Amino acid sequence: MKILIYGGSFDPAHKGHFELLKAAFSQIKPDSAYVFTAYQSPFKRKSPVSFETRRQMAAETLREISPKIIFDDFENKVKRIVYAREHINYARKLHPNAKIYLLVGTDCLNDIPKWKNPKYIFDNAVIVAGSRKGFEFTEKTFDFILLKGSFPEICSTQIRFDIFCNGTIPSNIPARTADLIRKKQLYGLNIHKWLCANLKPKRYEHTKFVAREALKFAQIYKADVDAAIIAALLHDAGKSMNAGGLIKYSLKHKIKVNNFKDICKRAPALLHGAVSAHIARILFKVKDGNILSAIKKHTLGAADMNDLEKILFIADMTSQDRLYNEVAFARAQAMKSLDLGLSAAMARKLIFTIETGKWLAPDGLKSWNTLISKNK
Ligand SMILES: [Fe+2]
Ligand SMILES: [Fe+2]
């Protein structure tokens, strides 16, 4: 008897998972296969998408390969990080005389000797690997079966970011899984739905550009990528209102803004940072204080800004839809450091305000003065 084991986060499940398992079925011909959805991957942070939803995505994506697949909920029962040796042990107990095959991508292959208890893994299972472009096996220190064929270079993390930033589901997600993602409004689709309905098309496009820019800087400067994208998506949510609407909303919800009266009189659009943060908290249940403060501070900055706040401020000024003369300089500065990027972005914002004859808010000036005092 042959038992195949395949584990993954399936966050989301995609055609790469499908192709790999399909090839393993046709070449290994197992009598049964256990697909283990990770409660929490040993290599990734815990997903905000529930175990059950990810298991459902795995089932929607993979079930047509064979009726012999069991979408196991073992990890949800123990509710902790589960290692490959435990999957093998689990299958071994259920099928004491079976030959067990552990399916992995070649991206994992090099690391198996560093996994927990590799000797147990090698003694109790045959490793089956699918070759994935871009991940070469460097050193053959153990035996494994290499599946025929090459498997698509698809990465769940990239798919997640694509959906989050663009609000659309890429074609490498099978249709049934895409339907589930849409139905459950995963990966920020709920935010996109609201933005699309409430912002003008140009503002919505700008928001998506800022999300991609914030993602880029969060990756470069090792900030919380998900937080950066959420902050970017919601930073201009308040722009769904005109000046009168912003003032009314701020009064109704008792939103605290420095120099409120002056701002209402001279530049009410500046209220949209604080209003957007309020919308993020109330409508989208954003609890992360860093996200909320980044949204609030993206209009005027602040004396002390953390990395996420700087990233959003810069991304809003350097996104690909920005066409002002010095944008290339601001982008180049931001690639050198967040502080240089912040200086360039803030300077440009102030110059723009002066050039267009608008009122300079005291908090904006204060942010600038603090920044240049620090940089010297
Ligand atoms: Fe804004
Ligand atoms: Fe913006």
Side-chain angles (χ1 to χ4, degrees), residues 164-167 188 191-192 194-218 227-247 249-250 255 257-260 263-264 266-281 283-284 286 290-302 305 308-324 326-327 330-331 334 338 341-342 344-353 355-356 358-361 363-364 367-368:
F164 240 124
C165 290
N166 305 329
I191 300 177
H192 279 278
W194 188 91
L195 294 173
C196 189
N198 289 280
L199 296 183
K200 287 184 180 148
K202 205 176 165 197
R203 178 65 51 188
Y204 179 42
E205 285 308 308
H206 161 70
T207 297
K208 291 192 275 185
F209 278 118
V210 176
R212 288 194 278 273
E213 193 77 352
L215 162 67
K216 181 182 85 183
F217 289 130
I229 298 174
I230 293 170
L233 286 180
L234 291 169
H235 83 286
D236 276 346
K239 289 260 179 176
S240 54
M241 298 170 210
N242 61 18
L246 284 167
I247 295 169
Y249 188 97
S250 304
I255 295 174
V257 175
N258 290 339
N259 310 105
F260 182 71
I263 287 180
C264 289
R266 301 170 197 277
L270 288 174
L271 294 172
H272 83 269
V275 169
S276 300
H278 191 269
I279 292 172
R281 186 165 64 81
L283 205 59
F284 296 101
V286 175
N290 286 329
I291 297 177
L292 298 174
S293 69
I295 297 172
K296 188 173 178 183
K297 292 174 186 175
H298 90 270
T299 44
L300 296 173
M305 293 171 80
L308 190 69
E309 292 165 349
K310 289 174 190 172
I311 284 170
L312 180 58
F313 194 99
I314 298 166
D316 189 26
M317 290 300 289
T318 59
S319 56
Q320 294 305 305
D321 58 320
R322 296 290 194 192
L323 300 169
Y324 58 88
E326 301 87 347
V327 70
R331 284 178 191 143
L338 283 178
L342 185 64
M346 210 178 265
R348 184 57 230 178
K349 216 176 226 194
L350 290 168
I351 293 165
F352 180 75
T353 311
E355 279 176 351
T356 51
K358 288 181 183 159
W359 177 72
L360 278 172
D363 274 9
S367 303
W368 171 252

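Along the sequence shown, residues are numbered consecutively beginning with 1. On a predicted model such as this, the values are computed, not experimentally measured, just so you know. In each ligand, atom 1 is the first atom listed, and ligand 1 is the first ligand listed.
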At a cut-off of 2.8 Å, list the protein N/O/S atoms near the Fe ion (ligand 2), residue plus atom name. H206 NE2, H235 NE2, D236 OD2, D316 OD1
With heavy-atom distances below 4.5 Å as the criterion, would you say the side chains of R212 and Q320 are in contact? no
Any side-chain heavy-atom pair of L233 and F284 under 4.5 Å: no
Is a salt bridge present between E205 and K202, judged by a nitrogen-to-oxygen distance below 4.0 Å? no
Tell me, which N, O or S atom in H272 is closest to the Fe ion (ligand 1)? NE2
Can you confirm whether the side chains of H206 and D316 place a donor and an acceptor under 3.5 Å from each other? yes
Donor-acceptor pair, distance only, cut-off 3.5 Å: does the side chain of R331 make one with the backbone of E326? no
Does any N or O in the side chain of K349 come within less than 3.5 Å of the main-chain N or O of T299, such that one atom is a donor and the other an acceptor? yes
